[in-house]
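Here is the structure we will look at, set down as structure tokens.
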Amino acid sequence: MRKYAGKILILLFVVVNIVLWLSFLPPDNGRRDFTIKIVSEVLASSAIILMACILFLATKARVLEPLFGGLDRMYQAHRQTAVVALIVVYAHTLTIPVLADGSVGTTLGGIALTGLIALAVWALLPRIIRAFTTYGQGLVAKIPPSYHLWAKIPARYHLWRWFHRLIGLFFLVGIAHLLLVDSLIRRSPVVFGYVIAVSAAAILVYGYKELCYSVAQKKAAYIVQDIRKLSSSALEVTLAPQQTKLSFRPGQFLFVYFDDERFPKEPHPFTISSAPHDNHLRLAVKACGDFTHAMYAHLRAGARAFVDGGYGMFDYRSGGKQQIWIAGGIGITPFLSWMRSFRGTLEYDIDFFYNVRVPEDYLYVEEIQQIAAQYANFRPHLSCTKQDGYLTLDNIMASGKALAECDIYFCGPLPMRETFQNQLRQKGLSTSRLHFEEFNFR
Ligand SMILES: Cc1cc2nc3c(=O)[nH]c(=O)nc-3n(C[C@H](O)[C@H](O)[C@H](O)COP(=O)(O)OP(=O)(O)OC[C@H]3O[C@@H](n4cnc5c(N)ncnc54)[C@H](O)[C@@H]3O)c2cc1C
């Protein structure tokens, strides 16, 4: 229930808006289109409230994490709220003749709407493409080869991220539209005050985040102490604190950037694979794009790193005694931090399934086995897709665990997680005990 608190709060903001409209209706002054105008403005103001919530969620504010169940879930809620907001805005446009009068107010409304739709489509494009490739094989075959070109543009995260920041600007344009068009809301001071107050708060918070946060935020300064190539695409980075140590819980992640012109200044998220009692931070990183390839190729001991964290609420200690852990590829990182934090008696009975694509991808196997040798109730099961086929729920059940009584912790590629969710449903089991970390904010 607690992880839904944030979404309920967002809904509450919208409900308050509707209740205020119903309680403080403006005078109708004999307008023929009064009812449709009210409906239209309730939709518009609800969309503005939802957009304001989107801006709040984009701020990474740590105080909001418990309401959503972690920063990854906050970004998920940000995405979902954006989709709902756009549907509501669309419904609003259906109730009015769009851009009919060519006034500044309506033109601004058109600009805000177009900008927000463009940003939302770009943000959702990787998911839309994935949905097509997964569920619409036939359709994808009909997409021309040039698809491959434009598909690469949205993959450039920092480019997308730069444009995505304009969301606040389009929101402001939307507010200007509200103030300039002939609207009923201005004749209902309570509703008007509520919508403007929520919007102003969102703009202030968002403006602070985008303009002052990087200066005001105290980031912990670290030095890259050691770099170790773990495979042809994975590396381990060990960071030593320059002054204060970052405080975090096992399984949490941080944002890091390096003081080196070869790396984009955009901070990137990585799970901390070391234990909190270690003096150093350790990251295991898989090279998959610009930043991580640059890390693999150019990062050297002595580079300055700035970290911000720990974020996230992925924690096996919030589960029951019987547990199954599933790691896919580089998704091993939170589990490493958990294992490295074992102290004294382990109170949980854990079967740990670590699956990689090819044998070369196995990381830290020796260390995992050493930890297992110390804890009889921690049993690792290693598998490699190339040799053993895909890891399935049936393989996991063969370990003798009663799935219905277990909390399952998962970190790995999205398709792998979706497969497990489907297999759980097929077996008539609830997916609510599958806890996972989203490795993808977009
Ligand atoms: C909570 C969390 C924990 C993670 N832990 C690890 C880990 O322990 N080891 C590991 O190898 N990878 C981890 N990742 C993934 C890692 O952050 C991305 O692989 C990396 O940022 C890719 O950047 P790139 O420029 O190399 O690739 P790109 O091709 O530019 O990006 C690939 C994808 O990575 C994501 N991404 C890129 N930049 C950012 C950013 N600045 N902020 C947020 N997301 C971004 C986007 O979804 C993007 O589509 C984690 C991701 C998240 C969200």
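Counting convention: from 1, in listed order, for ligands and their atoms alike. All values below come from the heavy atoms of this structure, side chains included, with hydrogens, waters and symmetry mates left out.
Within a 6.0 Å sphere centred on OH of Y375, other residues, nucleotides and ligands contribute more than 12 heavy atoms. E366 CD: 12 or fewer foreign heavy atoms inside a 6.0 Å radius. Atom CZ of R357 has 12 or fewer heavy atoms from other residues, nucleotides or ligands within 6.0 Å.
Each side chain to side chain donor-acceptor pair (under 3.5 Å) pair with one or both residues in residues 241-250, not counting sequence neighbours, appears once here: Q242-R304. A salt bridge (Lys or Arg N to Asp or Glu O under 4.0 Å) check over residues 426-435, counting only residues at least two apart or in different chains, returns the pairs D394-K427, D407-R433.
The distance from ligand 1 to the heavy atoms of F270 drops below 4.0 Å at these ligand atoms: 4 (C), 5 (N), 6 (C), 7 (C), 9 (N), 10 (C), 12 (N), 13 (C), 16 (C). Using a 4.0 Å cut-off to heavy atoms of F291, the atoms of ligand 1 that qualify are 24 (P), 25 (O), 26 (O). Of all atoms in ligand 1, listed by their number and element, those nearer than 4.0 Å to a heavy atom of C288 are 19 (O), 22 (C). Counting the atoms of ligand 1 from 1 in the order shown, those under 4.0 Å from a heavy atom of K286 are 10 (C), 11 (O).
The part of F253 lying near ligand 1 is the side chain, judged by heavy-atom distances below 4.0 Å. Neither the backbone nor the side chain of S273 has any atom closer than 4.0 Å to an atom of ligand 1 (non-hydrogen atoms only). If you look at E266 next to ligand 1, the close heavy atoms, those under 4.0 Å, all belong to the side chain. Contact annotation for T333 and ligand 1: only side-chain heavy atoms (C-beta onward) come within less than 4.0 Å of the ligand.
Looking at ligand 1, you won't find any N or O of F255 less than 3.5 Å from one of its N or O atoms. The shortest N/O to N/O separation between V285 and ligand 1 does not fall below 3.5 Å. Polar contact check, I330 against ligand 1: no nitrogen or oxygen pair lies under 3.5 Å apart.
The line from CG of N377 to OH of Y348 is 11.5 Å long, rounded to the nearest 0.5 Å. To the nearest 0.5 Å, atom CH2 of residue W325 and atom CZ of residue F352 are 7.5 Å apart.
No option in V84, L50, V88, V42 other than L50 meets the side-chain contact (heavy atoms from CB on, under 4.5 Å) test with V14.
Between R425 and E418 there is no salt bridge, since no side-chain nitrogen of the basic residue lies less than 4.0 Å from a carboxylate oxygen of the acidic one.
Under the 4.0 angstrom criterion for non-hydrogen atoms, D72 is not in contact with ligand 1. The closest approach between any non-hydrogen atom of P267 and ligand 1 is below 4.0 Å.
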